[in-house]
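Chain A is the first sequence line, chain B the second, and so forth, proteins listed ahead of strands; every chain is numbered from 1. Quick caveat: nothing in here was measured; it's all calculated off a predicted structure.
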Amino acid sequence: MTKVKRSFLPHPFLTAILIVVWCLLSGGISLGTVVFGAILGILIPQATAAYWPDAPRAVGLFKVTVYVLIVVWDIIVANVVVAWVVLTKRNRDMKSVWVAIPLELRTPEAIAILAGTITLTPGTVTADMSDEGHCLLIHALDADSAEAVRDDIKNRYERRLKEIFE
Amino acid sequence: MNVTDLVEIIIAVALVIGALFTLVGSIGLLKLDTAMKRLHAPTKAATLGIGSLLVASMLHSFAFGSGSLKEILIMVFLFVTAPISANFIAKVAIHRGQDMPPPEPPKDQNWATLNPTDETVPGIEAPAKT
């Protein structure tokens with residue numbers, strides 16, 4: 001039974017998201033959109049199941065919400081800070097640094113979200129990962145010290161992602 | 001002053017904020033000097049600039065017509081895809097070596113981009129292994 005369920009609906013949560021996305025795209029909830037969304041929601045996870053063999057683990061919705069709110073707040077605050085730096089600081093006064101962050105996270109999804117978060121928050125861009133996936137390379141636009149950026153990211157984002165995913 | 005006026009003011013403020021941050025992103029792209037620094041400007045304009053414009057669009061559609069939530073999808077797709085293109089540009093910038101070279105990783109051998117492989121890409125020199 002579980003095997004049949006697994007091959008028919010490899011990712012039930014993805015199916016639900018695809019139905020919601022299809023309804024949003026077609027701009028309304030009607031029987032037609034829900035049925036067509038369900039067809040897509042069943043076919044797409046089956047077609048892509050080979051690339052995504054493991055079922056995602058359940059994550060705490062409350063902690064995810066807190067994380068998203070923190071990231072959105074940081075994006076707004078850092079946008080203002082970076083806009084000020086871009087407009088007022090001369091190029092040679094900016095101290096751009098590379099920051100290498102040793103990772104404690106091991107889940108690929110968590111590392112991907114951490115890398116995305118770092119790029120979305122202004123002032124830092126994820127540039128690369130070490131060949132065996134234990135470090136992230138980050139470029140900071142204007143930072144006093146690489147250590148401060150590293151500790152900030154580790155305390156603010158990585159610790160929370162570790163609680164969510166691991 | 002009724003509710004419609006208030007909503008209109010909020011929409012106008014959101015539009016101005018969005019336009020302002022998109023402008024700052026463009027100014028940054030022109031003003032900053034190295035490839036890695038320039039990368040910071042447009043990825044920032046994409047977040048708050050476009051986000052604010054989309055909030056204005058959503059408010060307008062709910063206040064003055066049929067409500068639309070497509071903007072949420074635009075925001076989600078933008079937030080998911082923007083880091084990936086930024087990552088590609090950063091990798092090219094590292095390969096071309098115009099910026100200062102990145103430090104050694106504290107763990108592991110090398111950065112994935114700089115790992116020597118058997119393939120040689122025309123136009124890009126194989127990175128020197130230190």
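- Environment of CG in A:Leu69: crowded, with over 12 heavy atoms of neighbouring residues, nucleotides or ligands closer than 6.0 Å.
- The two residues B:Met36 and A:Ala127 make their nearest non-hydrogen contact at CE-CB, 4.4 Å.
- One finds the CG atom of B:Asn87 at 11.0 Å from the CD1 atom of A:Ile118 (value rounded to the nearest 0.5 Å).
- A:Tyr67 and A:Val77 are assigned to two separate hydrophobic clusters, defined by single-linkage of ILVMFWY side chains at heavy-atom distances under 4.5 Å.
- The hydrophobic cluster containing B:Val92 does not contain A:Trp98, counting ILVMFWY residues as joined when their side-chain heavy atoms lie under 4.5 angstrom apart, directly or transitively.
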Using the rule given for side chain to side chain contact (heavy atoms under 4.5 Å, CB included), can you reason through A:Thr119 versus B:Ile84, listing the C-alpha separation, both sets of side-chain angles and the distance that settles it, and then say yes or no? CA-CA 9 Å; A:Thr119 302; B:Ile84 298 170; over 6 Å; no

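- In terms of heavy-atom pairs under 4.5 angstrom with chain B, the leader among A:Glu132, A:His134, A:His139 is A:His139.
- In the hydrophobic clustering of ILVMFWY residues, with side-chain heavy atoms under 4.5 Å counting as a link, A:Val35 and A:Leu43 come out together.
- The backbone N or O of A:Leu87 sits nowhere less than 3.5 Å from a side-chain atom of B:Lys31 that would complete a donor-acceptor pair.
- Both B:Val55 and B:Phe64 belong to a single network of hydrophobic side chains, linked directly or stepwise wherever heavy atoms of I, L, V, M, F, W or Y lie under 4.5 Å apart.
- Highest contact tally toward chain B, considering only A:Thr117, A:Leu136, A:Asp142, is held by A:Leu136 [criterion: heavy-atom pairs under 4.5 Å].
- Taking CG from B:Leu48 and CD1 from A:Ile75, the interatomic distance works out to 8.5 Å, rounded to the nearest 0.5 Å.
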Going by atom type alone, with no hydrogens or angles, which donor-acceptor pairs under 3.5 Å involve a side-chain atom of residues 69-76 of chain B and a protein atom two or more places apart or on another chain?
from: B:Glu71; atom 1: OE1; to: B:Ser68; atom 2: OG; distance (Å): 3.1
from: B:Glu71; atom 1: OE2; to: B:Ser57; atom 2: OG; distance (Å): 2.4

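- With chain B as partner, the option from A:Leu120, A:Val97, A:Val99, A:Val86 having the largest number of non-hydrogen pairs under 4.5 angstrom is A:Leu120.
- For chain B, no part of A:Ala146 is nearby; none of its heavy atoms comes within less than 4.5 Å.
- Atoms CD1 and CG, on B:Ile94 and A:Leu137 in that order, are 5.0 Å from each other to the nearest 0.5 Å.
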The test is side chain to side chain contact (heavy atoms under 4.5 Å, CB included); show your working for B:His40 and A:Val82 and say whether it passes. CA-CA 9 Å; B:His40 287 279; A:Val82 168; 5.5 Å; no

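- Linking Ile, Leu, Val, Met, Phe, Trp and Tyr residues whenever their side-chain heavy atoms come within less than 4.5 Å places B:Phe62 and A:Leu25 in a single cluster.
- Here the CG-NZ distance, from B:Leu32 to A:Lys89, works out to 12.5 Å after rounding to the nearest 0.5 Å.
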